[in-house]
Q: 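Okay, handing you the structure first.
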Number of protein chains: 2
Amino acid sequence: MAELTSNSLSTGRPAEAPDRAPTIKDVAERAGVATSTVSRALSNPDRVNRVTRERIQQVAAELNYIPSSQARSLSSGRTLAIAVLVPDVTNPFYFDIIRGTQHQLKAAGYTQLLVDTEESSEMEQDTLSKMRRSVDGYILAASRLTDAQLAEAAGSQAIVTINRASANAPTVVIDTPGAVVQALEHLTSLGHSKICYVSGPPTSWSNAKRWKTFEEESRERGIITSRVGPFAPKTTSGAAAADAAARTGATACIVFNDLLAIGMLQRLRERGIRVPEDMSIVGCDDIFGADFCNPPLTTIASPIEQAGRVAVSMLLSQLNPLQGATNRRLAVMPTHLTVRSSTGPAPL
Amino acid sequence: MAELTSNSLSTGRPAEAPDRAPTIKDVAERAGVATSTVSRALSNPDRVNRVTRERIQQVAAELNYIPSSQARSLSSGRTLAIAVLVPDVTNPFYFDIIRGTQHQLKAAGYTQLLVDTEESSEMEQDTLSKMRRSVDGYILAASRLTDAQLAEAAGSQAIVTINRASANAPTVVIDTPGAVVQALEHLTSLGHSKICYVSGPPTSWSNAKRWKTFEEESRERGIITSRVGPFAPKTTSGAAAADAAARTGATACIVFNDLLAIGMLQRLRERGIRVPEDMSIVGCDDIFGADFCNPPLTTIASPIEQAGRVAVSMLLSQLNPLQGATNRRLAVMPTHLTVRSSTGPAPL
DNA sequence: CAATTTTTGGCAATCGCTTGCCGAACGTGT
DNA sequence: ACACGTTCGGCAAGCGATTGCCAAAAATTG
């Protein structure tokens, strides 16, 4: 990088463009070809003779030429950027999704635009419309949109959702039913028969899904269910959640997510309700912190980072329909119950 | 959004552009003016008559016109995008920085490009050069660059660093010396006289800074110091760190960051070393989880989100030098010691 | 009311790159 | 050698904005 100034000096005449970033034109001139040839050599290598191509590539490298993504997308129509919308960047659940998408996008030469929609469907919609010109597609993690909104959006742009099934867009979800069943069996085998579901945000699809499965499966097993909430998916909502759950007389709770569960843990301890002796707690997501909270949380784990990666590949295959690719519309990530210390035998 | 199709129908003739996003030209035609006027009406309102401007704005709204950021930046030279580079998106320490920058950038009409540099200075450099055409500036959180690299980069582009002082770029740092002094006083007042510093990554500026202050201040107070490490700033490195620290015979540790400290907590518990009875631990950063780990961590807290915000405003004022703005080159965020349960009286 | 200044809006060049189209050069089969 | 199919590289027209320059219109002034 540093040597290229000296490099242009070595051409004989002083460097023409002292500082300004080199453009395709600079490369073309220096290589003695037209800009169109440079363009092709760089982005459509087969279209140009090998020796020409190599010369151009060499010159480009010497000049440290980097094509302007703006100019490129202006003329080509593709931006090579994908927006990833998450309800809350500080929620650890999304960390791994973000990392997963980031990895996969970068590998494919795309840029990731991360947007925090602050749990607001308005903001989500707004972003969707404001960014439509600047990205090729969207990944919506835990979208708060209604079905209708989602359908409309998916009609005009490439979208993949995570943890939000929809008939209109490809989706990657985690296997909630399977997960709930595992949790339920774990709890019943420990002797619990009165179990409470601690509900997350009303606009959350996965919350609805979890509750539904929980209720159905519980009925089948003759478990007495109750439900409290909704609560915001934050540790700070845990106190209220814990109090509400304690009142129901349940001996175990399945909690919408780990954030809430961890908050509950703290509150229960304050109130002298022992976990798991008096009350068992099962969380969801196995987020950062679930393993070192007190007590460590039994929780439903899932390969979240992979979910992000899968979402990206689904989106990209939607954007660049390859030959033999069977466009998957749905991916279900497996789950497993990670048992730690927040669950134990039911009190007598 | 939905009404605009019907809107164009109501003009009498069928909608001209059925689907394609409306361009400035569409707006111009519909409003009966030239594109240049539309451009001005929208981004330089004083340059155009009030009634014309309002008509244009109305038409733009009807059409749901959104200017193409690519086209805009091609001609104007500004991208209205800022890249934020962090060493590890899944490190909770950066969450709040990210959220802070995101907020502030959005408020100023900028787009945030988040990049995970994976603790690698090569990747950081690479990003810096690859993105130079697509962003107006960079925020480097905990940069791993050398001084020389940083200086070079800062020479050709707008940069603000966080937690990395540099003569060449404006910086926001947290008040490490103050923090270390607080921690030290806390520990000495509890009777500790042999304290170990648990070191983070060798390329981390704040690590170096913390160690330096620790050593100096300890010397003044007659404390016997030791140092172990370096360790990667992850909970998984905590085990090795704990073992190493235990060997030193120190009764208290000041740990590079909370991630590492939390990992140590787990290991110490496994080994039956009680915290704080046998060993006191002080972390840094007060990240998510520091309050609910076991035992809750005494740590040095700092307004991280605000650091992100400040960094953004420093960067923006660098980009758009306002009139009376005294361009600050350095912002120091205050710190305070949050005492929880991981520190206690020194063993006899 | 003429002269001058200020507003206001349009023209057209430009930003850097992609791509459809075309012609030159180069093989090939007969 | 001739007609024909390929390959390769250049020309030039955009992509959708911004902006310097200019002229028409309006406002101000003496």
Side-chain angles (χ1 to χ4, degrees), chain A residues 16-17 20-57 59-60 63-81 109 130-136 320, chain B residues 16-17 20-57 59-60 63-81 109 111 130-136:
Chain A
E16 320 160 34
R20 177 186 55 83
T23 74
I24 200 175
K25 206 171 159 188
D26 299 323
V27 179
E29 277 173 9
R30 207 172 209 266
V33 296
T35 62
S36 46
T37 307
V38 175
S39 172
R40 290 193 190 101
L42 265 29
S43 49
N44 198 353
D46 298 327
R47 186 62 178 67
V48 53
N49 185 288
R50 197 174 60 87
V51 343
T52 317
R53 181 187 349 128
E54 284 174 356
R55 179 158 39 95
I56 291 177
Q57 285 169 341
V59 170
L63 252 35
N64 190 225
Y65 166 69
I66 292 182
S68 151
S69 55
Q70 354 278 124
R72 188 199 290 263
S73 51
L74 224 208
S75 52
S76 72
R78 285 162 304 115
T79 62
L80 294 184
K130 290 249 172 67
M131 300 194 93
R132 82 193 154 198
R133 307 278 295 263
S134 4
V135 300
D136 293 342
N320 325 307
Chain B
E16 319 160 36
R20 179 185 53 83
T23 74
I24 200 174
K25 207 171 156 188
D26 300 324
V27 178
E29 277 174 10
R30 206 171 209 266
V33 297
T35 62
S36 47
T37 309
V38 175
S39 172
R40 290 189 190 105
L42 266 28
S43 50
N44 198 351
D46 299 328
R47 187 62 177 62
V48 53
N49 184 288
R50 194 173 61 86
V51 342
T52 316
R53 177 184 355 125
E54 284 175 357
R55 179 157 42 92
I56 291 178
Q57 285 169 340
V59 170
L63 253 36
N64 190 225
Y65 166 69
I66 293 183
S68 151
S69 54
Q70 355 279 126
R72 190 200 292 263
S73 51
L74 224 209
S75 51
S76 72
R78 285 163 304 117
T79 63
L80 294 183
T111 299
K130 290 249 171 68
M131 299 194 92
R132 84 195 152 196
R133 308 275 296 262
S134 7
V135 301
D136 294 342

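Here is the naming used below: chain letters follow the sequence lines, and residue numbers restart at 1 for every chain.
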Q: Side chains of A:N320 and A:R78: any donor to acceptor distance under 3.5 Å?
A: no
Q: Let me know, please, whether B:A34 or B:L74 comes out on the 5' side of the other along DNA chain C by nearest nucleotide.
A: B:A34
Q: Is there a donor-acceptor pair under 3.5 Å between the side chain of A:R133 and the backbone N or O of B:I66?
A: yes
Q: Is a donor-acceptor pair below 3.5 Å formed from side chain B:R40 to base D:dG20, judging by atom type as modelled?
A: yes
Q: For a quick test of reading the model: is some side-chain N or O of B:S39 closer than 4.0 Å to OP1 or OP2 of D:dT18?
A: yes
Q: For C:dT7 and B:N49 - does any side-chain N or O of the residue sit under 4.0 Å from the phosphate oxygens OP1/OP2?
A: no
Q: Can you tell me the distance, in whole Å, between the CZ atom of B:R72 and the C1' atom of C:dC15?
A: 14 Å
Q: Take the protein atom CG of A:D26 and the nucleotide atom P of C:dC15, then report the distance between them rounded to whole Å.
A: 11 Å
Q: Mind calculating the distance between CD1 (B:I56) and C1' (C:dG9) to the nearest angstrom?
A: 9 Å
Q: Starting at the 5' end of DNA chain D and moving along, which residue's nearest nucleotide shows up first, B:T35 or A:S75?
A: A:S75
Q: Can you find a donor-acceptor N/O pair under 3.5 angstrom joining the side chain of A:R53 to the base of D:dG9?
A: no
Q: Under 4.0 Å between a side-chain nitrogen and a carboxylate oxygen: does that hold for B:R50 and B:E54?
A: yes
Q: Could you check how far NZ of A:K25 sits from P of D:dG10, rounded to whole Å?
A: 15 Å
Q: Using atom CZ of A:R50 as one end and atom P of D:dT7 as the other, report the distance to the nearest whole Å.
A: 16 Å
Q: Report the distance from atom CG of B:D46 to atom C1' of C:dG9, rounded to the nearest whole Å.
A: 15 Å
Q: Look at the side-chain N and O atoms of B:T52 and state whether any lies under 4.0 Å from the OP1 or OP2 oxygen of C:dG9.
A: yes
Q: Is a donor on one side and an acceptor on the other found under 3.5 Å between the side chain of A:S43 and the backbone of A:R40?
A: no
Q: Over how many whole Å does the gap from B:Y65 atom OH to D:dG16 atom P extend?
A: 10 Å
Q: Would you say B:R133 reaches C:dC17's phosphate, i.e. side-chain N/O to OP1/OP2 under 4.0 Å?
A: yes
Q: With sugar-phosphate meaning primed atoms plus P, OP1 and OP2, does B:S36 contact a base, only sugar-phosphate, or nothing at under 4.0 Å between heavy atoms?
A: base
Q: I need the CG-C1' distance between A:N44 and D:dC8, as an integer number of Å.
A: 12 Å
Q: If you compare every side-chain N and O of A:T37 against the phosphate oxygens of D:dG10 (OP1, OP2), does one of them come in below 4.0 Å?
A: yes
Q: So, does B:S73 use its side chain to make a donor-acceptor pair with the main chain of B:S69 at under 3.5 Å?
A: yes
Q: Would you mind telling me which residue lines up with the more 5' stretch of DNA chain C, A:R47 or A:I24, judged by nearest nucleotide?
A: A:I24
Q: Counting the atoms with a prime plus P, OP1 and OP2 as sugar-phosphate, which does B:A71 contact under 4.0 Å by heavy atoms, base, sugar-phosphate, or nothing?
A: base
